[in-house]
Amino acid sequence: MTVYTATVTSPVNIATLKYWGKRDTKLNLPTNSSISVTLSQNDLRTLTSAACSEEYESNRLFLNRKLESMETPRLIEVLKDLKKLREKVENSEGNEHLPKLSQLNLLIVSENNFPTAAGLASSAAGLSALVKAISKLYELPDSLSEISKIARKGSGSACRSLFGGYVAWEMGELSNGEDSKAVEIAPLEHWPNIKALILVVSAHKKDVSSTSGMQLTVKTSDLFNYRINNIVPQRFEEMKKSILEKDFNKFAELTMKDSNSFHSTCLDSYPPIFYLNDYSRRIIRLVHLINEKSVKENGKIIVAYTFDAGPNAVLYYEEENEKTILNVFYKILSEVTGWDAQKFDFKNQEYSKGQLILSDEEIDYSIKDGISRVILTQVGPGPQDSEESLIDVASGKPKFSS
Ligand SMILES: Nc1ncnc2c1ncn2[C@@H]1O[C@H](COP(=O)(O)OP(=O)(O)OP(=O)(O)O)[C@@H](O)[C@H]1O
Ligand SMILES: C[C@@](O)(CCOP(=O)(O)OP(=O)(O)O)CC(=O)O
């Protein structure tokens, strides 16, 4: 039995300028451009193997060892596009010898090393990994931006995970979506010292999916039109500039404002959508308190929060301020899992010497009741090739099944 396989890993990305709203639900065309930071795959990643063989009787997808349907409208579109590009390769001159992979069924085996559908951008990592693994299997010559248009059809935010570092998704104008693609603003190496502390407020499946939440907002929120027409276009340019200039003050301010603006349109939807909970709000207050102190001391904002369609907080900061920020959060959350001694030398931190940016009275210790886990991570690269296949080439089956 001949089995062709390819394996990749792909990252999560967390938007600093949020995608919220579609102008075309079938093609996943957004109502505004967005910006994100790609996070390191050492901490959060999808590992996906793709295979095709004449022996496969249907397309199958195993996600975290469970068989999932591949007959969803989005996956049908994604596969159709990828097969079309493979056919083009097979039909081009000089390639007559290539196997006709476009005519074979696929087996996809994928694993996320973090909770799926819990507001940790699993769809972005998952769909970008799926598209990248099949592109590798098909040996497609197309650019990452081209491939990002296919990932976009799988899940909008997935298009941004094809690049590392700092990424824009340009909304485009065309009705066929051919200009709605991800592009790199700056690579990881440009601003490598951006770190992220993720506070997992809830790892449960969320109540209102992004897909249906944004549809309700588009239909019912009055604020929404103001956001996409009067706020985002200018913010998009300003945020790109702040990244290119490594201006953390500006980047942080715009990131926090945009998270708040997006959640305002959720609240302005009818009926309202609540993604933030009371712990999220306490974290917001604490971040502003830290920044107020820091601005008083040296004029600098040192940490930014952002929240996706759920209560989890992602805090961005520069490595040089890590001690100051983690000292506060470690003091509150030392009993929560996720503090990695290799990344954060908490035993030697300055708080033990009494050098906290906040006094004990200013710290809201109740935050610890709502946090189940912390993840310490940082900006990272785009999808990577991997040798760690989840499919056994000899049998053509998922490795976990043998
Ligand atoms: N590794 C994967 N391979 C293929 N599909 C995946 C993978 N991981 C997640 N998905 C798809 O993404 C869906 C989860 O997306 P959803 O938007 O509900 O949650 P999320 O991405 O974790 O949260 P958010 O996008 O709000 O941050 C899963 O039900 C599955 O269909
Ligand atoms: C709040 C967000 O995380 C929304 C992400 O929405 P999805 O990309 O999950 O939605 P679909 O395109 O319907 O799959 C903001 C963002 O990532 O930009």
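Atoms within a ligand are numbered from 1 in the order they appear, just like the ligands themselves. Position 1 is the first residue of the sequence, and the numbers go up from there.
- Contact annotation: for Ser155 versus ligand 2, heavy atoms closer than 4.0 Å belong to both the backbone and the side chain.
- In this structure a side-chain-to-backbone donor-acceptor pair under 3.5 Å is present from Ser128 to Ala125.
- No side-chain heavy atom of Arg45 sits under 4.5 Å from any side-chain heavy atom of Ser10.
- Not a single donor-acceptor pair under 3.5 Å links the side chain of Asp258 to the backbone N or O of Leu254.
- Taking only nitrogen or oxygen atoms, main chain and side chain alike, Trp20 does not reach within less than 3.5 Å of ligand 2.
- With salt bridges taken as basic N to acidic carboxylate O contacts below 4.0 Å, none links Glu87 and Lys83.
- Close approach of ligand 2 to Met214 (heavy-atom distance below 4.0 Å) involves ligand atoms 6 (O), 10 (O).
- Counting heavy atoms under 4.0 Å from ligand 1, residue Ser122 touches it through both backbone and side chain.
- Under the side-chain hydrogen bond (donor to acceptor under 3.5 Å, both in side chains) rule, Asn28 has a single partner from Lys149, Lys22, Lys153, which is Lys22.
- Proximity to Asn28 (heavy-atom distance under 4.0 Å) selects the following atoms of ligand 2: 12 (O).
- Using a 4.0 Å cut-off between charged nitrogen and carboxylate oxygen, Lys293 and Glu297 do not count as a salt-bridge pair.
- With atom 11 (C) of ligand 1 as the reference point, the heavy atom nearest to it among Leu47, Leu127, Ile14 is part of Leu127.
- Taking Glu54 as the reference, Leu104 meet the side-chain contact (heavy atoms from CB on, under 4.5 Å) condition, with sequence neighbours excluded.
- Any N or O atom pair closer than 3.5 Å counts here, and Glu111 shares no such pair with ligand 1.
- Looking at Leu63 next to ligand 1, no N or O pair under 3.5 Å apart turns up.
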Report the C-alpha distance between Asp360 and Tyr365 in whole Å, list the side-chain angles of each, state the deciding distance to 0.1 Å, and finish with yes or no for side-chain hydrogen bond (donor to acceptor under 3.5 Å, both in side chains). CA-CA 9 Å; Asp360 225 15; Tyr365 284 97; 2.5 Å; yes

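- Ligand 1 has a nitrogen or oxygen under 3.5 angstrom from a nitrogen or oxygen of Ser210.
- Close approach of ligand 2 to Gly156 is summarised as follows: ligand atoms under 4.0 Å from at least one heavy atom of the residue are 8 (O), 11 (P), 12 (O), 14 (O).
- No donor-acceptor contact under 3.5 angstrom links the side chains of Thr7 and Lys136, judged on distance only.
- At distances below 3.5 Å, at least one donor-acceptor pair connects side-chain atoms of Ser180 with backbone N or O atoms of Met171.
- Between Lys195 and Glu318, no side-chain nitrogen of the basic residue sits less than 4.0 Å from a carboxylate oxygen of the acidic one, so the salt-bridge criterion is not met.
- Taking the six-membered ring wherever Trp is involved, the centroid distance between the rings of Phe224 and Trp20 does not fall below 6.0 Å.
- Counting the atoms of ligand 2 from 1 in the order shown, those under 4.0 Å from a heavy atom of Lys22 are 11 (P), 12 (O), 13 (O).
- Residue contacts with ligand 2 for Ser157 involve both N, CA, C or O and side-chain atoms from C-beta outward (heavy atoms, distance under 4.0 Å).
- Considering both main-chain and side-chain atoms, Thr211 comes within under 3.5 Å of ligand 2 through a nitrogen or oxygen pair.
- Atoms of ligand 1 found under 4.0 Å from any heavy atom of Thr46, numbered from 1 in the order shown, are 1 (N).
- Ring-plane geometry between Tyr275 and Phe262 is classed as tilted, the angle between the planes lying from 30 to 60 degrees on a 0 to 90 degree scale.
- Interface of Ser123 with ligand 2, defined as ligand atoms under 4.0 Å from a residue heavy atom, comprises 9 (O).
- Heavy-atom proximity to Ala309, at under 4.0 Å, picks out these atoms of ligand 2: 1 (C).
- Remark: ligand 1 atoms within the under-4.0 Å shell around heavy atoms of Ser123 are 12 (O), 15 (O), 17 (O), 20 (P), 21 (O), 25 (O).
- If you number the atoms of ligand 2 from 1 as listed, the ones under 4.0 Å from a heavy atom of Ala15 come out as 16 (C), 17 (O), 18 (O).
- Counting heavy atoms under 4.0 Å from ligand 2, residue Gln215 does not touch it at all.
- Set against the non-hydrogen atoms of Phe262, the atoms of ligand 2 under 4.0 Å away are 1 (C).
- With a 4.0 Å heavy-atom cut-off, ligand 1 is reached by the backbone of Leu120 but not by any atom from C-beta on.
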